Amino acid sequence: MSKGLPKRSEDYSLWYNELVKRADLAENSAVRGCMVIKPYGYSIWEKMQAQLDKMFKETGHSNAYFPLFIPKSFLSKEASHVEGFAKECAVVTHYRLKNSDDGKSVIVDPDAKLEEELIVRPTSETVIWSTYKNWIQSYRDLPLLVNQWANVVRWEMRTRLFLRTTEFLWQEGHTAHATRQEAIDETVQMLNVYATFAETFMALPVVKGVKSANERFAGAEDTYCIEAMMQDGKALQAGTSHFLGQNFAKAFDVKFATKEGGLEHVWGTSWGVSTRLMGALIMAHSDDNGLVLPPKLAPIQVVIVPIYKTDEEFDKIANKANEITKKLLTKGVSVHFDKRDTHKPGWKFAEYELKGVPLRIAMGPRDLENNTIEVARRDTLSKETVDLAQIQIEDYVTEMLDKIQETIYQKAFDFRKEMTTEVNTWDEFLDKIESKGGFLSAHWDGTSETEEKIKELTKATIRCIPLDQNEEQGNCILTGNPSSGRVLFARAY
RNA sequence: CGGGGUGUAGCGUAGCCCGGUAUCGCGCCACAUUUGGGAUGUGGAGGUCGUAGGUUCGAAUCCUGCCACCCCGACCA
């Protein structure tokens with residue numbers, strides 16, 4: 001393990017790349033654009049999955065699994081959907097290999113061409129709606145509330161670990177409803193689930209909003225999103241929830257018999273979050289010493305590091321550490337006692353800081369003598385010596401973990417507030433987007449042309465039209481045309 | 001796919017202009033002393049210099065093709 005991470009202030013993206021690798025989260029793989037998620041990184045993802053899955057079940061959804069491959073013809077059934085994804089699809093054309101004539105390599109067998117090519121799913125609306133056609137006949141079959149955990153492939157030009165990879169892991173919810181309003185309610189409900197998850201578990205404040213037409217999901221009538229602010233002032237879309245209208249129902253002819261005896265197309269939604277959340281988590285909280293993980297998602301919440309010279313000392317410390325571990329386990333705290341004698345305490349301190357373990361307890365001869373421990377917080381890097389006679393260790397630790405969770409959130413919240421600027425003139429817009437970055441709250445005339453033009457000139461896009469937008473008469477930042485409310489602009493990942 | 005760059009030990013690099021079988025740091029192994037913020041010393045292991053060909057007595061170094069990766073642009077969760 002080499003020392004010293006690059007500094008965020010010097011090279012933010014280098015800092016990010018190095019951190020991801022050195023903290024053992026993920027690395028590049030033999031396959032271009034695809035990553036290997038390492039055990040430590042994957043265990044954070046598993047914690048996210050477990051919590052989200054619980055929240056999906058609590059809102060009445062069930063998991064299912066649909067195939068990786070989609071017949072090519074399915075994709076083209078919904079016009080804007082195919083347009084949105086066609087350029088980034090991996091295509092399976094053959095089903096067999098054979099030895100080359102010189103016997104030295106393996107080649108695609110030209111005789112094994114598929115009659116209809118298969119695409120590797122970039123998202124599953126089409127296979128799922130083709131299936132829903134068979135599942136839905138009557139209003140009694142509705143609503144249909146399904147989620148799947150899966151991998152998808154989008155052939156991207158430029159990739160970055162977690163933020164944009166060719167293959168990524170995600171969940172995609174796909175629901176069908178009898179009425180427009182019910183589908184919209186579902187869309188908003190899942191957006192709220194995502195927002196709650198981000199804020200409560202990831203300690204990541206998010207703005208809930210609606211996408212402009214330019215940024216809308218291919219095939220959706222409306223795309224809702226949660227947008228987060230990273231430490232370099234760039235925005236990151238952390239989750240999306242789409243109101244599909246009857247688009248896919250019409251494309252795949254999914255109709256249901258109403259109570260009144262009519263026959264109508266069903267209303268759909270889809271919503272997803274991906275391993276991109278890992279990127280958000282890293283970029284929102286971490287510092288120049290390494291990861292900073294919110295306790296609710298940290299694979300190890302507390303690490304105990306012994307400091308000792310003799311075996312005898314170690315045994316005493318180990319006894320005490322085991323005592324503490326047992327007490328913490330009764331409160332469901334995940335503890336790791338690092339008894340390796342192959343590394344020195346100072347090395348371990350740096351290592352656990354790099355990996356973002358929220359709380360570190362160190363115990364040495366002095367502590368044995370005084371019945372104390374040294375407690376260090378990862379988020380503030382502060383240390384204090386605690387007298388074990390004065391506290392209940394399990395209560396002390398759980399309270400401390402809650403405090404850390406809260407502090408991390410508050411810090412990110414304050415940062416986002418600081419990085420959200422109201423701008424009222426085009427000059428101000430140009431100045432702020434260059435000098436400060438962050439969210440720029442500005443009036444917009446509501447047209448795609450204006451949005452395009454602004455993107456062209458500044459690389460900033462409309463991240464969303466906030467759901468809590470205030471009615472406010474104003475003039476478009478670029479064109480001066482009338483506008484009835486502010487939207488959020490930012491440069492984005 | 002355009003423009004630029006880089007491939008030398010597990011990782012990061014020097015050497016390349018000016019040809020003579022490869023430098024340094026981290027890591028790894030052994031032993032000793034160490035252990036309250038990334039220990040120190042001594043000894044050791046590890047390399048078809050991305051790949052194929054060419055020039056040459058001799059190529060990491062010069063020439064050509066190919067491959068991979070990185071950065072910058074157009075596309076995107």
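Per chain, numbering begins at 1; letters A, B, ... match sequence-line order. Only heavy atoms go into these numbers, but all of them, side chains included; no hydrogens, no water, no symmetry mates. In this text, all values refer to a predicted model and were calculated from it rather than measured experimentally.
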Find the partner of [N]: check Watson-Crick (N1-N3 plus N6-O4 or O6-N4) and G-U wobble (N1-O2, O6-N3) distances, both under 3.5 Å, and reply none if neither fits.
N     : answer
B:U35 : none
B:G73 : B:C1
B:C57 : B:G20
B:G27 : none
B:A68 : B:U6

Worksheet entry | Crowding at NZ, A:Lys436 (>12 non-hydrogen neighbours, <6.0 Å) |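 Counting other residues, nucleotides and ligands, NZ of A:Lys436 exceeds 12 neighbours.
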Worksheet entry | A:Lys432 atom NZ, over 12 foreign heavy atoms within 6.0 Å | no
What nucleic acid atoms does [X] come within less than 4.0 Å of, heavy atoms only: base, sugar-phosphate, or nothing?
X        : result
A:Phe168 : base
A:Thr165 : base
A:Arg360 : base
A:Asp367 : base
A:Ser274 : base
A:Lys211 : nothing
A:Leu163 : base

Discussion item. Whether the side chain of A:Arg378 engages the backbone of A:Ile404 through a donor-acceptor N/O pair (distance < 3.5 Å, no angle test) should be reported.
Written reply: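 Not confirmed, A:Arg378 side chain does not pair with A:Ile404 backbone.
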Practice prompt. Look at the side chain of A:Gln231 and the backbone N and O of A:Met283, then say whether any donor-acceptor pair between them is shorter than 3.5 Å.
Written response: yes
Which nucleotide sits closest to the side chain of [X]: [options]?
X        : options             : answer
A:Glu156 : B:G73, B:C75, B:G38 : B:C75
A:Asn17  : B:A77, B:C71, B:G37 : B:C71
A:Lys383 : B:A77, B:G36, B:G37 : B:G37

Practice prompt. Answer yes or no: does a side-chain N or O of A:Lys21 lie under 4.0 Å from OP1 or OP2 of B:C11?
Written response: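 Indeed not, no polar side-chain atom of A:Lys21 lies that close.
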Fill in: N or O in side chain of A:Arg32 less than 4.0 angstrom from B:A68 OP1/OP2
no
Worksheet item: So, is B:U33 syn or anti if syn means the angle is within 90° of 0?
Response: anti
Worksheet item: Could A:Glu369 and A:Lys316 be called an ion pair, given the rule that one side-chain N must be under 4.0 Å from one carboxylate O?
Response: no
